[in-house]
Amino acid sequence: MIHFASRTLRRRARHVLIVSAAFLLLFALGMLIGQFSGKMGLFHAAKPTMAAAGMPTNGNVQSTPQPAESEAASSASSSTASSAEKEAVPAYQAMYPHLYAGTLEPSAPVKKKTVYLTFDDGPSNLTVPLLNVLDTYHVKATFFVIGRTDRQSVEAIKEIVNRGHAIGVHSYTHQYKQIYASPAAFLDDFAKMHDLIENTTGVDTKIYRYAGGSVNGYNKSTARDIIAEMNRRRYVYYDWNVDSGDAETGATAKSIYREVINGVHRHSDSVVLFHNTKFKASTLNDMSKIIKTLQSQGYSFEKLDPSVDSVSYRFNNIP
């Protein structure tokens, strides 16, 4: 009986040991699973932050981050966007910090039958004679001038302003390949002409006209960036909707008159393109007839300023 009891006790003890060992094994296994699940949970919790920072995640459905994670994701996203914006800002935007037109006047509606006479490429020996004709008919016009610094040209620029006409930047060099090579090159030229006008006349002009117009054969690759930069600086440019044709080979006083009158009749208001170089005697000689005809037909003449809405007179086919 003693031997049998001893054997029974040993069997029970072995059973207890086995059960205990199994329990300990299960407990250890549970701990390992818990640790692994915790790591997986951290991995899944991190996915929204990576997505918010612009890193790719697999699948179309993303977990919704908790508040703390959202703040971290937002901060990472803002930081990334801010860095990208700083890198994307072109260096030319820092050029010529004084070249900002500031707050512009709101555009005012243009009266019907208003004509804006504009003259490019002066000053020249024909500028003062042209001013005399305009004075005769009490007409104010707009002159987009280029970089001439001889005494006669400087005096002509002063006369444009002294007689109450508007003056704007055309270009300094009028060398298309040079000024349209890049936005920086355009700003170099613009700044030089703008400063010449201001130093000569005291006028801090806010209007300009692109040499060759805002869209031409030389600025196909740079027009969009140049226009965007000048708009950012709040300068106002004017193309035209009536071309006098005085720059065409073989133009005569008769052809210029015809082109202007017919062109003005096609619009309720017009910006007319003329030129004021020493070669444009035909333009000068026919100006009296053009003005008298249009005045007799009820048209009035005004000069351009930033309040005149330029949209109607801009070319629309920017590359």
Going by atom types alone, do Asp189 and Thr173 pair a side-chain donor with an acceptor below 3.5 Å?
-> yes
Applying side-chain contact (heavy atoms from CB on, under 4.5 Å), name anything that partners Gln297, two or more places apart in sequence or on another chain.
-> His265, Thr293, Leu294, Tyr299
Within a strict 4.5 Å, meaning less than it, do heavy atoms of the Gln295 and Val139 side chains meet?
-> yes
First locate atom OH of Tyr208, then atom CZ of Phe144, and finally report the distance between them rounded to the nearest 0.5 Å.
-> 10.5 Å
Indicate the atoms forming the closest heavy-atom contact of Ser171 with Ile179, along with that distance.
-> CB-CD1, 4.1 Å
Between Phe315 and Trp240, what is the ring plane arrangement, given parallel below 30°, perpendicular above 60°, and tilted in between?
-> perpendicular
Give a yes-or-no answer on whether the side chains of Asn219 and Tyr176 include a donor-acceptor pair shorter than 3.5 Å.
-> no
Would you find a donor on one side and an acceptor on the other, under 3.5 Å apart, between the side chain of Ser255 and the backbone of Ala251?
-> no
Just checking, any donor-acceptor pair under 3.5 angstrom between side chains of Tyr237 and Tyr235?
-> no
Quick one: are His275 and Thr283 in side-chain contact, heavy atoms under 4.5 Å?
-> no
Are any non-hydrogen side-chain atoms of Met287 and Leu117 less than 4.5 angstrom apart?
-> yes
Spell out, as yes or no, whether a donor-acceptor pair under 3.5 Å connects the side chain of Asn241 to the backbone of Tyr313.
-> no
Kindly indicate whether the side chain of Ile290, heavy atoms from C-beta on, has any atom under 4.5 Å from the side chain of Phe274.
-> yes
Between OH on residue Tyr257 and CG on residue Asn285, distance to nearest 0.5 Å = 15.0 Å
Report the distance from atom NZ of Lys303 to atom OG1 of Thr142, rounding to the nearest 0.5 Å.
-> 8.0 Å
Results of salt bridge (Lys or Arg N to Asp or Glu O under 4.0 Å) for Asp309 - residues two or more places apart only = none
Determine yes or no for a side-chain-to-main-chain donor-acceptor pair under 3.5 angstrom, with Ser307 supplying the side chain and Ser107 the backbone.
-> no
Can we call the ring centroids of Phe301 and Tyr137 under 6.0 Å apart?
-> no
Between Ser244 and Leu273, what is the shortest heavy-atom contact and its length?
-> OG-O, 2.7 Å
N/O donor-acceptor pair under 3.5 Å between Ser300 side chain and Thr114 backbone = no
Are Arg234 and Tyr100 in a cation-pi setup, meaning NZ or CZ lies under 6.0 angstrom from the ring centre and within 45 degrees of the ring axis?
-> no
side-chain contact (heavy atoms from CB on, under 4.5 Å) with Ser270: of Val260, Val242, Val110, only one passes, and it is Val242
ILVMFWY network linking Phe119 to Val154, side-chain heavy atoms under 4.5 angstrom = no
Answer yes if Leu130 and Val128 sit in the same cluster of Ile, Leu, Val, Met, Phe, Trp and Tyr residues linked by side chain heavy atoms under 4.5 Å apart, and no otherwise.
-> no
Name all residues meeting the side-chain contact (heavy atoms from CB on, under 4.5 Å) criterion together with Gln93; count only those two or more places apart in sequence or in a different chain, and write none if there are none.
-> Val89, Pro90, Glu229, Arg232
Which pair of heavy atoms, one from Tyr238 and one from Pro306, lies closest together, and at what distance?
-> OH-CA, 4.0 Å
Are any side-chain N or O atoms of Lys280 and backbone N or O atoms of Asp246, one a donor and one an acceptor, separated by less than 3.5 Å?
-> yes
Minimal heavy-atom distance between Ser310 and Val236, with the atoms involved, is OG-CG1, 3.7 Å
Is any side-chain heavy atom of Ile227 closer than 4.5 Å to a side-chain heavy atom of Ser214?
-> yes
Do you reckon Val133 sits in the same ILVMFWY cluster as Phe279, going by side-chain contacts under 4.5 Å, direct or chained?
-> no
Looking at side-chain heavy atoms only, is the closest gap between Arg163 and Asn132 below 4.5 Å?
-> yes
For residues Val272 and Thr118, report the shortest heavy-atom separation together with the two atoms involved.
-> O-OG1, 2.6 Å
So, Phe186 versus Tyr210, ring centres under 6.0 angstrom or not?
-> yes
Enclosure of Lys192 NZ (heavy-atom neighbours >12, cutoff 6.0 Å) = no
Interatomic spacing from CG in Asn125 to NZ in Lys278 - rounded to 0.5 Å = 7.5 Å
Examine distances only and state if a side-chain atom of His165 and a backbone atom of Ala141 form a donor-acceptor pair shorter than 3.5 Å.
-> yes
Using 30° and 60° as the class limits, which term best fits the ring planes of His194 and His98: parallel, tilted or perpendicular?
-> perpendicular
Return yes if some donor-acceptor pair links the side-chain N/O of Ser124 with the main-chain N/O of Asn276 below 3.5 Å, else return no.
-> yes
Do Met230 and Leu187 pass the side chain to side chain contact (heavy atoms under 4.5 Å, CB included) test, and can you show the C-alpha distance, the side-chain angles, and the key distance before you say yes or no?
-> CA-CA 9 Å; Met230 295 305 291; Leu187 286 170; 3.9 Å; yes
CG/Asp195 to CG/Asp204 distance, rounded to the nearest 0.5 angstrom?
-> 9.0 Å
Do any N or O atoms from the side chain of Arg209 and from the backbone of Asp239 form a donor-acceptor pair under 3.5 angstrom?
-> yes
Would Ile207 end up clustered with Ile146 when hydrophobic side chains under 4.5 Å apart are linked, directly or stepwise?
-> no
Ile157 and Phe143, any side-chain heavy atoms less than 4.5 Å apart = no
Indicate the atoms forming the closest heavy-atom contact of Gln178 with Ala185, along with that distance.
-> O-CB, 3.4 Å
Do Asp121 and His170 have side chains that get closer than 4.5 Å, going by heavy atoms?
-> yes
Give a yes or no on whether the backbone of Lys158 and the side-chain of Asn162 come within a donor-acceptor separation of less than 3.5 Å.
-> yes
How long is the gap from OG on Ser268 to NZ on Lys111, to the nearest 0.5 Å?
-> 14.0 Å
